[in-house]
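Read through the structure below, which is laid out as structure tokens, and then see the notes.
Below, read A as the first sequence line, B as the second, and so on, with proteins coming before strands; counting in each chain starts at 1. As the structure is a computational prediction, the values presented were derived from the model and not from experiment.
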Amino acid sequence: MTVNPSGWRPAAPESADKQAAETVTVTGNRALMLEEPLIFELDRGETTGVDLPEVENSGARLGGLERNRPIGLPGLSEPEAVRHYTRLSRQNYAIDLGLFPLGSCTMKHNPRLNEKVARMPGFADVHPLQPQETVQGALQVINELAHWLLDLTGMQAVAMSPKAGAHGELCGLLCIRSALEARGDARSIVLVPESAHGTNPATAAFAGYRVESIPANKAGRVDFEALKARLREDVAAVMITNPNTCGLFEPDMKAISDAVHAAGAFVYCDGANFNAIVGKVRPGDLGIDAMHINLHKTFSTPHGGGGPGSGPVVLSAALAPFAPLPFVEKKGDELVLVEEETSGEHHASSFGRMTAFHGQMGMFTRALAYILSHGADGLRQVAEDSVLNANYVLRSLEDVLDAPFAQSGPCMHEAIFSDRGFAGGVSTLDLAKALIDEGFHPMTMYFPLVVHGAMLVEPTETESKAALDQFIAAMRSIAARAKSGDESLKAAPVFAPRRRLDETLAARKPVLVYREPEQAKAAE
Amino acid sequence: MTVNPSGWRPAAPESADKQAAETVTVTGNRALMLEEPLIFELDRGETTGVDLPEVENSGARLGGLERNRPIGLPGLSEPEAVRHYTRLSRQNYAIDLGLFPLGSCTMKHNPRLNEKVARMPGFADVHPLQPQETVQGALQVINELAHWLLDLTGMQAVAMSPKAGAHGELCGLLCIRSALEARGDARSIVLVPESAHGTNPATAAFAGYRVESIPANKAGRVDFEALKARLREDVAAVMITNPNTCGLFEPDMKAISDAVHAAGAFVYCDGANFNAIVGKVRPGDLGIDAMHINLHKTFSTPHGGGGPGSGPVVLSAALAPFAPLPFVEKKGDELVLVEEETSGEHHASSFGRMTAFHGQMGMFTRALAYILSHGADGLRQVAEDSVLNANYVLRSLEDVLDAPFAQSGPCMHEAIFSDRGFAGGVSTLDLAKALIDEGFHPMTMYFPLVVHGAMLVEPTETESKAALDQFIAAMRSIAARAKSGDESLKAAPVFAPRRRLDETLAARKPVLVYREPEQAKAAE
Amino acid sequence: MRYLPLSDPDRSAMLAAIGATSIDDLFVDVPKEARLDGLIEGLPLHASELAVERHMTALSRKNMVAGEVPFFLGCGAYRHHVPASVDHIIQRGEFLTSYTPYQPEIAQGTLQVLFEFQTQVARLYGCDIANASMYDGSTACWEAIQMAGRITRRNRAILSSGLHPHYVSVARTMARFTGDTLETADPELDAETDADRLIAAIDEDTSCVVVQYPDILGRIADLGPIAEAAHARGALLVAVVTEPVALGLIRAPGEMGADIVVGEGQSIGVGLQFGGPYVGLFACAEKFVRQMPGRLAGETVDAEGKRGFVLTLSTREQHIRREKATSNICTSSVLCALAFTAHLTLLGEKGLRQLASLNHARACAAAERLAAIPGVSLINDSFFNEFTLRLPVEARPAVHAMVEKGVLGGVSLGRLYPGVKALENGLVVAVTETVTDEDVDALEAALREVCA
Amino acid sequence: MRYLPLSDPDRSAMLAAIGATSIDDLFVDVPKEARLDGLIEGLPLHASELAVERHMTALSRKNMVAGEVPFFLGCGAYRHHVPASVDHIIQRGEFLTSYTPYQPEIAQGTLQVLFEFQTQVARLYGCDIANASMYDGSTACWEAIQMAGRITRRNRAILSSGLHPHYVSVARTMARFTGDTLETADPELDAETDADRLIAAIDEDTSCVVVQYPDILGRIADLGPIAEAAHARGALLVAVVTEPVALGLIRAPGEMGADIVVGEGQSIGVGLQFGGPYVGLFACAEKFVRQMPGRLAGETVDAEGKRGFVLTLSTREQHIRREKATSNICTSSVLCALAFTAHLTLLGEKGLRQLASLNHARACAAAERLAAIPGVSLINDSFFNEFTLRLPVEARPAVHAMVEKGVLGGVSLGRLYPGVKALENGLVVAVTETVTDEDVDALEAALREVCA
Ligand SMILES: Cc1ncc(COP(=O)(O)O)c(C=O)c1O
Ligand SMILES: Cc1ncc(COP(=O)(O)O)c(C=O)c1O
């Protein structure tokens with residue numbers, strides 16, 4: 001595949017685009033790039049996209065609380081609604097459109113088989129409180145997935161109910177805190193590396209802990225010495241991301257775990273980057289006590305523009321007894337869902353319930369279908385290809401972009417670059433926006449904080465070499481412009497549905513809901 | 001809704017678009033407008049998007065005809081394939097994106113319920129040759145739909161197997177020819193109005209008839225006098241489209257039918273425009289003998305970029321005996337599919353089979369779901385709204401565009417305009433291409449042939465007033481430019497994935513299949 | 001392997017370009033002893049789509065499908081008809097396979113949807129503003145309690161006995177670790193809600209009162225008096241709504257003085273899915289915006305002055321504020337929010353009112369018939385589409401017995417409040433527009449038998 | 001009415017703008033007596049989505065679903081596993097709800113897909129070029145006979161007895177009206193195909209010989225000799241392929257000298273659907289392009305020199321040539337062509353070969369087991385995934401008897417050739433990758449019983 005598939009030499013400004021520049025449409029549309037109003041602007045009062053009877057609630061038994069004023073909900077007929085959302089969807093970038101190298105987010109292909117499976121009536125149309133004899137298949141899905149997660153991580157138990165990674169972190173820390181309390185050893189500090197994802201410190205605080213941070217060393221790893229020095233008896237846990245947020249493996253992981261345990265604390269591992277090592281390394285062999293797995297990353301449940309996700313947490317033997325309710329247990333050839341009621345008998349020390357019902361079933365079915373499709377061999381290949389792709393990007397760009405840790409050896413599934421060498425005030429942000437014009441989603445920007453103007457590139461294993469080569473060509477061209485201080489980068493993107501948006505304005509005068517013009521006026 | 005929903009005043013050329021004009025991407029992409037190579041260019045040999053075992057066909061029983069050379073089929077992994085087709089899809093315009101006023105094509109909203117219904121395993125996963133006791137539900141769908149079509153048209157019988165409108169025309173003409181032959185009266189001529197759709201004369205020829213054309217009168221209707229004059233005993237049938245292709249109702253229809261019958265010939269009605277009169281007029285009351293119904297127009301089965309369609313044909317009592325096989329018949333409370341075998345008993349005079357199996361079942365389920373959703377009241381409203389929308393467009397544009405028949409009264413579901421008054425060599429084509437930039441699909445151009453530079457606008461009933469107002473505003477602005485001979489119209493479209501394409505080149509040196517560069521060279 | 005585009009030649013070429021001799025060169029940082037040289041034992045290898053589909057189909061067939069039997073379960077998850085177009089919309093690849101909208105120039109689709117969603121939720125709840133979704137109702141409920149604590153700088157919350165027991169459990173779990181005090185109680189099989197108890201319990205340390213509306217037994221109580229009492233003592237009223245369809249017919253909590261309104265959005269657009277994923281709704285008064293958890297989409301303009309949307313006020317959030325964030329939530333439930341907003345847009349004011357009326361009418365009719373069964377009584381004076389019956393027998397075995405007859409007859413309070421004798425005979429029955437007269441016949445017959 | 005955006009206020013406003021007082025003013029051209037003032041009697045009124053879905057579900061449940069029983073039917077429609085992504089792709093609104101690509105600047109998606117499809121079909125069939133699809137295999141077959149007539153200016157076609165009887169019927173129907181002569185014959189339950197009869201029958205008036213490959217009984221014969229004999233007398237060879245998957249394993253008709261190759265594309269990507277919609281494939285030698293029916297997508301460049309695609313050579317078609325067109329076809333089967341090309345792209349050369357091998361291997365194994373049943377014999381020497389058994393009893397009742405045992409055991413020749421005694425005991429059995437060993441066990445057991 002050529003870098004420029006249409007087989008056409010970049011048009012000279014005077015041609016085509018010149019005419020485009022001089023063309024103004026009365027609709028504001030530009031052919032297939034269509035402007036779309038808000039549903040509130042489309043609304044015409046009593047329109048609806050459903051056909052329901054008008055029933056008289058004569059004998060209403062609403063406790064005298066009938067509505068006495070309209071809600072103010074717009075309604076659209078079905079044709080208008082389908083068009084509204086279809087048009088809006090076209091203003092989004094997505095994996096289905098191209099490379100989405102958002103570091104730390106593992107934006108990989110989402111197989112459609114998994115969507116089909118999740119919609120089987122036996123999974124999609126089942127109530128969480130149906131008697132257990134009527135949901136044995138659902139419980140079996142949870143059980144099979146749990147076993148895969150345990151085998152892949154080499155851990156002792158798994159809590160399936162957490163609803164996302166951050167919720168899983170909370171689950172892990174609550175297990176740790178419960179274990180400490182159980183031995184009457186209240187500790188108040190959780191250590192978190194500077195490079196950690198924001199959810200780590202936020203979760204520690206949410207769980208009632210104070211947070212202290214551990215510095216990183218030159219090689220982008222946890223400064224083991226500094227960590228050891230801080231391991232006093234007030235430390236409840238250390239949260240480590242491995243592979244870490246610089247896309248590097250923590251080679252001292254086992255030693256760190258031992259040191260932490262020696263100090264009477266626990267090791268929480270942020271498993272968001274499990275994709276790099278699945279089938280290659282078992283976290284259980286590294287001495288960790290708890291780790292969440294983002295099914296919406298490693299196991300490909302669609303991210304959906306911001307969730308839903310799912311964050312099962314694998315646990316060590318030391319933490320297993322404290323796992324939250326509910327969980328699935330095998331009793332003979334029947335599966336039982338252990339809830340509050342039975343916790344007495346089965347699970348005295350569980351720290352309790354984290355969410356209503358039993359977790360993200362719709363994600364479990366997708367993840368299980370994904371895992372069964374890959375199998376043990378496929379998953380190992382996933383890790384290898386994701387690491388191969390990242391290193392290919394790293395080595396193809398290190399001569400034009402500063403790669404702070406490139407010397408220290410290969411990266412795992414992510415390649416990280418800094419803005420060193422950019423001239424004329426061109427920033428990481430400018431480069432990212434120029435990538436948009438080239439038809440790519442930008443990489444993660446300015447994270448982790450330990451690298452200046454960080455650009456964290458995670459291609460994932462579902463990108464072809466051709467796609468990577470095209471991305472690399474685009475990056476090389478933009479990097480060259482950045483180093484030459486090319487002012488025009490500041491204008492990017494120019495081809496997207498919107499130019500750069502004024503975030504300061506948005507935060508200074510927050511407009512979070514639509515108000516009809518009249519009201520809006522009044523509000524001012 | 002404002003005409004320009006983004007609430008922004010048309011940007012002056014020097015701003016935004018200027019920068020766009022000066023930006024050239026190395027990928028050829030423009031943000032969300034992505035260039036996509038051919039599968040043959042993406043191919044890398046043995047890649048596949050399925051996981052199948054390599055089985056050894058040791059004991060192969062292929063009659064010694066094993067393949068001895070590769071086919072040359074490219075293969076893509078699933079992520080690449082999904083991306084390939086998703087990217088390509090984004091280069092299409094569609095009803096889901098906006099107004100698609102393609103006259104004569106009835107591009108209305110396609111309800112997703114119908115897609116869901118067609119995919120129910122009981123319909124989608126049933127073999128056409130299953131024993132009849134195992135497909136009673138499928139036969140019932142055909143039967144229920146048939147009854148609706150008969151009630152809506154006031155006719156005596158319906159042939160369900162034709163695969164599209166043109167196939168339905170063929171079915172109708174073959175019934176007519178069989179009826180004539182049955183009475184030993186071979187006739188050789190079919191009369192077709194000048195304004196008829198191309199399939200009418202083509203079908204007549206395909207059925208072995210000679211075609212003569214009937215002129216239209218000033219009012220855009222069939223010239224009844226001229227027709228009567230030509231009704232000699234060599235005339236087998238007259239094909240009339242009603243409402244006709246100028247979007248006008250033929251007021252003399254009944255009189256025409258009577259005259260045709262008096263001359264011993266039959267009346268075929270092209271029902272492509274049934275949408276304008278469904279529930280308002282029964283063609284059976286107008287004396288027609290056969291009419292096809294495009295389920296993919298009036299009854300909203302998706303057009304799919306060029307089919308599949310379905311063209312059931314309703315028949316008068318005179319033609320009913322000659323209907324093709326197979327058909328469904330009620331025997332007690334069982335439904336039977338009458339095929340060749342039983343034609344002897346049931347249907348001695350059937351002209352035979354038009355297609356393998358029993359017709360477009362997948363379209364029947366969709367059309368039936370559509371009809372049941374609308375009901376008798378909804379379908380009548382469909383006709384009224386489609387006619388209302390067309391007349392609204394007609395009256396909103398007649399002051400800026402020449403509307404040849406506007407004086408003679410209202411139109412039906414289509415408004416027709418001519419290029420009269422366009423200056424500086426600006427053509428209907430130029431106007432159509434400018435509409436593309438405004439975010440609309442062009443209307444039907446240069447058809448029917450009886451209007452110079454015809455523009456046939458069919459909004460359909462599934463367009464909102466807001467959508468029509470926006471379309472009208474765009475049309476008024478372009479019409480004004482066309483009359484002022486604005487040269488820039490010739491450059492349109494400028495915002496579409498492609499500028500105007502060289503159709504002459506395509507026809508002069510046809511390239512109909514991909515050839516690897518080497519071969520292509522060799523071929524020259 | 002169908003999901004992996006790299007061919008072996010690709011891999012070799014790329015290794016060569018990298019200057020590695022084998023893939024293991026790229027895993028050098030992993031200590032040898034931690035590296036697995038082979039496949040993990042005892043796990044199956046990759047499988048064809050057909051094989052996987054067969055396996056999953058077999059599992060799915062082991063469940064009783066709600067749509068295929070007379071079905072009356074509710075208690076926080078409701079079965080409503082979702083238009084087919086909603087599922088089509090959420091399967092658009094541009095929505096399904098995009099990330100949180102960090103790059104607004106190419107995420108206006110998701111951002112505008114969220115802005116519309118926030119507005120709909122705020123209006124439905126009768127509040128000024130709403131956020132871009134939480135995990136679900138139960139976690140949103142705890143976040144609301146926390147938020148009330150931040151606002152009032154108090155840490156004693158009073159939970160209504162009508163609050164869904166799972167929501168109570170979640171709060172209880174968290175409170176143990178945050179040191180908040182929670183006042184809780186089990187409900188009573190009684191037409192009266194515990195408004196008086198709540199009002200009486202409010203004191204100067206009270207951060208908030210948490211009331212579900214309609215409550216777990218289906219009862220509907222005026223929130224006005226509770227709001228007044230709370231405000232009088234500087235406490236907030238947190239209202240929880242598990243069945244948003246009810247708000248098509250009854251007054252919005254915000255109108256009655258609730259300061260924070262949270263709830264479950266599942267019943268509009270999302271479907272049952274054995275309990276997840278669902279979508280948490282979170283709304284409040286504008287003055288509290290900076291204490292709010294979760295994402296917020298806001299309106300702004302682009303470099304050309306065109307209206308556009310961005311994620312805003314992120315200084316509240318973990319990725320900026322880290323341990324000082326208002327919550328640790330990151331990924332929430334945007335795709336479910338899309339399903340919710342799309343369904344609600346299809347309903348509109350009129351459709352939601354009609355849907356709510358239809359639900360209530362059917363529930364009233366069913367309640368009358370069931371209450372007429374000898375020994376069975378209806379405890380509710382008021383309800384929307386869900387009510388509680390007192391049976392002459394223990395409800396939990398009754399539910400199992402009805403399963404034998406192919407009827408999913410409701411949720412027993414024994415399942416929700418194990419060991420609470422006083423509630424043992426309570427059966428909560430939900431009746432939505434998806435319930436047919438034949439379904440009610442079947443339930444009535446089954447219930448008669450098990451109660452006989 | 002959910003599909004109609006106009007509100008009553010809209011309607012009044014628009015009528016006013018038009019200057020009409022009522023909607024009837026717009027129907028003045030319809031003679032009063034032909035106008036219906038009210039609703040058509042006896043038809044139901046509009047219904048909710050839930051109600052319609054219930055009705056259609058009830059109808060669908062009255063059919064026996066192929067995927068839920070041991071299933072062995074073929075004869076022109078085959079059950080293969082279609083990847084889920086194919087259905088996702090064809091449901092993209094931009095493909096599903098677009099029209100024939102008359103405006104190429106905003107239809108490049110469909111046009112490139114068709115160009116890719118044409119290339120795949122041409123290569124699969126071993127021909128130079130292919131068109132953008134026909135209705136189905138049977139109508140494509142007649143179009144091929146007509147095209148051969150135009151090319152040779154002769155009107156006598158010789159049809160192989162191995163040609164699908166429905167295809168023969170369609171040709172027979174049309175020939176009656178076009179005055180073409182057709183030589184046809186019923187097949188014999190014999191391993192030998194009728195190649196010799198065909199060759200013997202070719203004369204100077206023969207426009208073409210039409211041969212199905214593999215044929216209706218599953219037999220595979222070399223087309224080379226027939227092609228030579230035809231060409232020797234200035235006639236063309238038209239090959240018909242009803243199971244394209246076979247071409248993953250056996251030689252392409254074009255390679256063996258076929259001038260026109262047509263067939264059914266259903267078995268790749270489309271699914272059974274009770275017989276339609278399917279997709280007709282049509283390929284031929286480049287020199288015949290101007291005699292071809294149907295749409296053709298061709299490559300060209302746009303005003304900037306970028307590669308693009310358009311519909312081309314439309315001077316062959318009805319909308320330009322009217323009565324002189326090569327065919328009357330307009331709407332064809334593009335969405336099914338998309339499903340076909342997408343599935344074939346997922347398979348690729350390797351996947352198609354594997355799929356074909358798997359089909360053949362399973363069919364061989366099944367044939368052996370079934371032929372071992374006392375009284376049952378296999379007539380085929382050669383076959384791909386479909387073969388014919390001679391039963392000791394009439395096959396048609398046997399098929400019905402097997403249905404009683406929940407097995408869809410094959411297609412009886414009695415169904416396809418009613419009244420032809422010599423074929424009465426013939427049962428055509430298809431075995432694809434979707435057939436499990438358990439399915440074969442079930443068929444064997446059922447067949448044993450009905451043959452006993
Ligand atoms: C390293 C890391 N940790 C934790 C998280 C939080 O996971 P979630 O967004 O599922 O809550 C993420 C995801 O953004 C992450 O990248
Ligand atoms: C007036 C008219 N007649 C006949 C046809 C042919 O119908 P089809 O394309 O379904 O064969 C059409 C559709 O294009 C048409 O518009």
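Only the side chain of B:Leu102 comes within less than 4.5 Å of a heavy atom of chain D; its backbone N, CA, C and O stay farther away. Looking at D:Val289, the atoms closer than 4.5 Å to chain B (heavy atoms on both sides) all sit in the side chain, from C-beta outward. When heavy atoms are compared at a cutoff of 4.5 Å, D:Met56 approaches chain B by way of both its backbone and its side chain. No part of B:Leu248 comes within reach of chain D, as not one of its non-hydrogen atoms sits under 4.5 angstrom from that chain. At a 4.5 Å heavy-atom cutoff, the contact between D:Ile18 and chain B is made by backbone and side-chain atoms alike. Interface residue D:Val411: only side-chain heavy atoms are found under 4.5 Å from chain B. Contacts between D:Leu352 and chain B at a heavy-atom distance below 4.5 Å involve the side chain alone, from C-beta outward. With a 4.5 Å cut-off on non-hydrogen atoms, B:Leu286 touches chain D through its side chain but not through its backbone. With a 4.5 angstrom heavy-atom cutoff, B:Pro493 touches chain D only via side-chain atoms. Using a 4.5 Å cut-off between heavy atoms, B:Asn389 contacts chain D through both its backbone and its side chain. Heavy-atom distances place the side chain of D:Ala122, and not its backbone, under 4.5 Å from chain B. In this structure, chain D has no heavy atom under 4.5 Å from any part of B:Lys254. At a 4.5 Å heavy-atom cutoff, the contact between D:Val65 and chain B is made by backbone and side-chain atoms alike. For a residue to count as touching a neighbouring chain, one of its non-hydrogen atoms must lie under 4.5 Å from one of that chain's; by this rule D:Ile320 does not touch chain B. Using a 4.5 Å cut-off between heavy atoms, B:His374 contacts chain D through both its backbone and its side chain. Using a 4.5 Å cut-off between heavy atoms, D:Thr57 touches chain B through backbone and side chain atoms alike. Using a 4.5 Å cut-off between heavy atoms, B:Ala207 contacts chain D through its backbone alone, with no side-chain atom that close. Interface remark: B:Arg353 contributes backbone and side-chain atoms alike to the contact with chain D (heavy atom separation under 4.5 Å). For B:Ile436, the part lying near chain D is the side chain, with the backbone staying farther off; criterion is any non-hydrogen pair under 4.5 Å. For chain D, the nearby part of B:Phe100 is the side chain; its heavy atoms alone come within less than 4.5 Å. Only the side chain of D:Arg2 has a heavy atom closer than 4.5 Å to any heavy atom of chain B. The part of D:Leu408 that comes within reach of chain B is its side chain, from C-beta onward, which places non-hydrogen atoms under 4.5 angstrom from that chain. Contact annotation for B:Met412: only side-chain heavy atoms (C-beta onward) come within less than 4.5 Å of a heavy atom of chain D. With a 4.5 angstrom heavy-atom cutoff, D:Ala221 touches chain B only via backbone atoms.
For chain B, the option among D:Gly351, D:Ala325, D:Pro44 with the highest count of heavy-atom pairs below 4.5 Å is D:Pro44. Among D:Lys62, D:His88, D:Gln354, the residue with the largest count of heavy-atom pairs under 4.5 Å with chain B is D:Gln354.
B:Phe357 has its ring centre less than 6.0 Å from the ring centre of D:His164. Centroid-to-centroid, the aromatic rings of B:Phe447 and B:His197 come within less than 6.0 Å. Between B:Tyr514 and D:Phe115, the ring centre distance reaches or exceeds 6.0 Å. For an aromatic pair to be called close, the ring centres must be under 6.0 Å apart, and D:His360 with D:Phe383 satisfies this.
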Inset, instruction - Step by step, work out the side-chain contact (heavy atoms from CB on, under 4.5 Å) result for B:Arg67 and D:Glu255. - result: CA-CA 10 Å; B:Arg67 264 201 175 276; D:Glu255 289 177 33; 3.1 Å; yes

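A salt bridge does not link D:Glu105 to B:Arg500: none of the charged side-chain nitrogens sits closer than 4.0 Å to a carboxylate oxygen.
Side chains of B:Thr203 and B:Glu169: a donor-acceptor N/O pair is present below 3.5 angstrom, by distance only. Counted by atom type alone, D:Thr345 and D:Gln120 present one or more donor-acceptor pairs between their side chains at under 3.5 Å.
Ring orientation note: the planes of D:Phe71 and B:His127 are tilted relative to one another, at an angle of 30° to 60°.
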